[in-house]
Q: 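Mind looking over this structure? Questions follow.
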Amino acid sequence: MLSVEKQMLFLLTKVDVMETQELIRIYEKRGYSAAYIRNMLSQLKKDGYADSPSRSTYRITGSGRSFIRSVNRKPQLYGQSWDGQWHLVLMSFPETERKRRDRVRADLLQTGFGQLQGGVYVSPWAYREELADLLQRHEAQTYATVFTGRLEQGRLSPEQAADVWALADIAARYADKLRWLREQFEPAFAAALNSGVGTAGALELFVLYLALGEQINELCLADPMLPLELLPQGWTGQQALERLLGRLQQAEAAIPRDSEYARFVR
């Protein structure tokens, strides 16, 4: 899932039903075209994360809420103690199901699993609800074997874990986001605060809040938030994420409570 799709799902958690035009108005301000937003909404509907109760309206589904809960709780995994248990998923698809296999793989990786080898996916954290929903949504239950246990041999070192989860690439992403925060977001946020809090100012603050939220969403979809025992020495992902989340809280607090956008952040 793209981070902008995840963000639209987040907005849908805040309302019963949302009109397509309202989403278009918000995201056109962020530089997305109306056609792009309609395509994203159609994809969310196709994936089962949203449905359309009436023409040109959307609402989130149970699967969508489950996905949002999963991604939003991932930052809380940093600092949690690990019991040493591994949660493994073995996937075996026939060649005729390669497209379904690829979709399942993408969702497993975004959930937080690492591809240990072939069709073997592993995670130190239990994602039972998310995994059950994922397999049901893709109708892949018959292709999956799921179990939990300890690795008696071949235990993963931090160096091996860094390879399985491509932590060097994730570290580079964090560095890019912090650079964007410093060079683009913070100057724009300061300017928006100084321009006043009228209707236009409230929209500008909300758009900045969404822009920062999208950057964080991208990281949450990529970072498995591994336990300390599996992280390389000097890992700074947690501190970088906390800085970004702190700025998001500031942006949220700056949106006027009497604006039409307050319902999305309160």
Side-chain angles (χ1 to χ4, degrees), residues 1-14 40 43-51 59-93 97 99-116 118-151 156 161 164-167 170 173 213-214 216-227 230-231 237-238 241 245:
M1 175 180 289
L2 299 175
S3 55
V4 67
E5 292 176 292
K6 188 263 180 183
Q7 189 175 81
M8 284 192 284
L9 276 181
F10 167 77
L11 296 182
L12 290 175
T13 66
K14 299 296 185 177
M40 291 299 97
Q43 188 63 48
L44 289 174
K45 184 177 179 180
K46 180 180 178 181
D47 291 340
Y49 291 122
D51 64 17
R59 65 184 176 191
I60 195 167
T61 63
S63 290
R65 291 186 185 280
S66 176
F67 178 82
I68 290 295
R69 285 195 301 270
S70 172
V71 177
N72 286 348
R73 79 179 179 91
K74 281 183 75 176
Q76 301 170 20
L77 296 173
Y78 269 133
Q80 281 194 16
S81 60
W82 178 43
D83 61 6
Q85 295 274 84
W86 287 97
H87 307 274
L88 280 79
V89 181
L90 307 183
M91 302 299 306
S92 180
F93 288 89
E97 293 286 356
K99 288 185 178 180
R100 192 195 313 235
R101 178 199 63 195
D102 292 345
R103 291 194 297 268
V104 170
R105 176 184 179 276
D107 281 358
L108 283 170
L109 296 180
Q110 285 194 346
T111 298
F113 285 86
Q115 189 170 8
L116 191 59
V120 181
Y121 301 85
V122 62
S123 170
W125 307 120
Y127 291 106
R128 293 185 180 89
E129 180 183 348
E130 295 89 342
L131 184 57
D133 181 76
L134 186 158
L135 294 175
Q136 181 179 13
R137 187 159 32 82
H138 290 289
E139 298 181 349
Q141 299 96 321
T142 58
Y143 305 118
T145 301
V146 180
F147 60 93
T148 297
R150 296 181 180 272
L151 299 179
L156 288 182
V164 171
W165 279 277
L167 294 187
I170 294 172
R173 288 195 189 191
E214 188 175 329
I216 294 171
N217 290 341
E218 182 181 322
L219 293 169
C220 288
L221 291 171
D223 189 353
M225 281 80 173
L226 297 175
L230 296 173
L231 289 172
Q238 180 178 2
L241 183 60
L245 289 171

Q: Which heavy-atom pair separates Lys74 from Gln110 by the least distance, and what is that distance?
A: NZ-O, 3.3 Å

Q: With distance as the sole test, does Ser66 use its side chain to make a donor-acceptor pair with the main-chain N or O of Gly62 at under 3.5 Å?
A: no

Q: Would you mind reporting whether Gln115 and Arg105 have side-chain heavy atoms less than 4.5 Å apart?
A: yes

Q: Would you mind reporting whether Leu12 and Arg59 have side-chain heavy atoms less than 4.5 Å apart?
A: no

Q: Rounded to the nearest 0.5 Å, what separates atom SG in Cys220 from atom CG in Leu245?
A: 6.5 Å

Q: Which value, rounded to the nearest 0.5 Å, describes the distance between Leu108 atom CG and His138 atom NE2?
A: 8.0 Å

Q: Identify, with sequence neighbours excluded, every residue that meets side chain to side chain contact (heavy atoms under 4.5 Å, CB included) alongside Val164.
A: Leu116

Q: Measure the CG-CG distance between Asn72 and Leu9 for me, rounded to the nearest 0.5 Å.
A: 10.5 Å

Q: Examine distances only and state if a side-chain atom of Trp165 and a backbone atom of Gly112 form a donor-acceptor pair shorter than 3.5 Å.
A: yes

Q: Under the rule for side chain to side chain contact (heavy atoms under 4.5 Å, CB included), what residues qualify as partners of Leu90, not counting sequence neighbours?
A: Val120, Thr145, Phe147

Q: Applying the side chain to side chain contact (heavy atoms under 4.5 Å, CB included) test to Ile216, which of Val71, Leu241, Leu221 qualifies?
A: Leu241

Q: Under the criterion side-chain contact (heavy atoms from CB on, under 4.5 Å), I'd like the reasoning laid out for Leu167 against Leu231: C-alpha separation, chi angles, the key distance, then a yes or no.
A: CA-CA 9 Å; Leu167 294 187; Leu231 289 172; 4.2 Å; yes

Q: Between Ile170 and Ala222, what is the shortest heavy-atom contact and its length?
A: CD1-O, 3.3 Å

Q: If you round to the nearest 0.5 Å, how far is CG of Leu134 from CD of Glu129?
A: 12.0 Å

Q: For Arg100, enumerate each residue passing the salt bridge (Lys or Arg N to Asp or Glu O under 4.0 Å) test, keeping only those at least two apart in sequence or located in another chain.
A: Glu97

Q: Out of curiosity, Met8 CE to Glu214 CD, how far, rounded to the nearest 0.5 Å?
A: 9.0 Å

Q: Test Trp86 against Leu156 for side-chain contact (heavy atoms from CB on, under 4.5 Å), laying out the working first.
A: CA-CA 11 Å; Trp86 287 97; Leu156 288 182; 3.7 Å; yes

Q: What pair of heavy atoms forms the shortest contact from Ala140 to Val104, and how long is it?
A: CB-CG2, 4.1 Å

Q: Would you name the heavy atoms of Ser63 and Gly48 that are closest together and state the gap between them?
A: CB-O, 3.6 Å

Q: What are the two closest non-hydrogen atoms of Met91 and Ala144, and how far apart are they?
A: SD-CB, 3.5 Å

Q: Report the residues that fulfil side-chain hydrogen bond (donor to acceptor under 3.5 Å, both in side chains) with Thr61, sequence neighbours left out, ordered by chain and then residue number.
A: none

Q: Among all residues two or more places apart in sequence or in another chain, which pass the side chain to side chain contact (heavy atoms under 4.5 Å, CB included) test with Gln136?
A: Gln141

Q: Do we see a donor-acceptor contact under 3.5 Å between the side chains of Tyr49 and Arg137?
A: yes

Q: What distance do Gln85 atom CD and Thr148 atom OG1 have between them, rounded to the nearest 0.5 Å?
A: 6.5 Å

Q: A side-chain contact here means heavy atoms from C-beta on lying under 4.5 Å apart; do Leu226 and Leu77 qualify?
A: no

Q: For Arg73, give me all partners under salt bridge (Lys or Arg N to Asp or Glu O under 4.0 Å), at least two apart in sequence or on another chain.
A: Glu130

Q: Ignoring hydrogens and angles, tell me if any N or O in the side chain of Asn217 forms a donor-acceptor pair with the backbone of Gly213 under 3.5 Å.
A: yes

Q: Would you say the side chain of His87 lies within less than 4.5 Å of the side chain of Tyr127, judging by non-hydrogen atoms?
A: no

Q: Check whether Trp125 reaches the backbone of Met225 with its side chain - one donor and one acceptor, N or O, closer than 3.5 Å.
A: yes

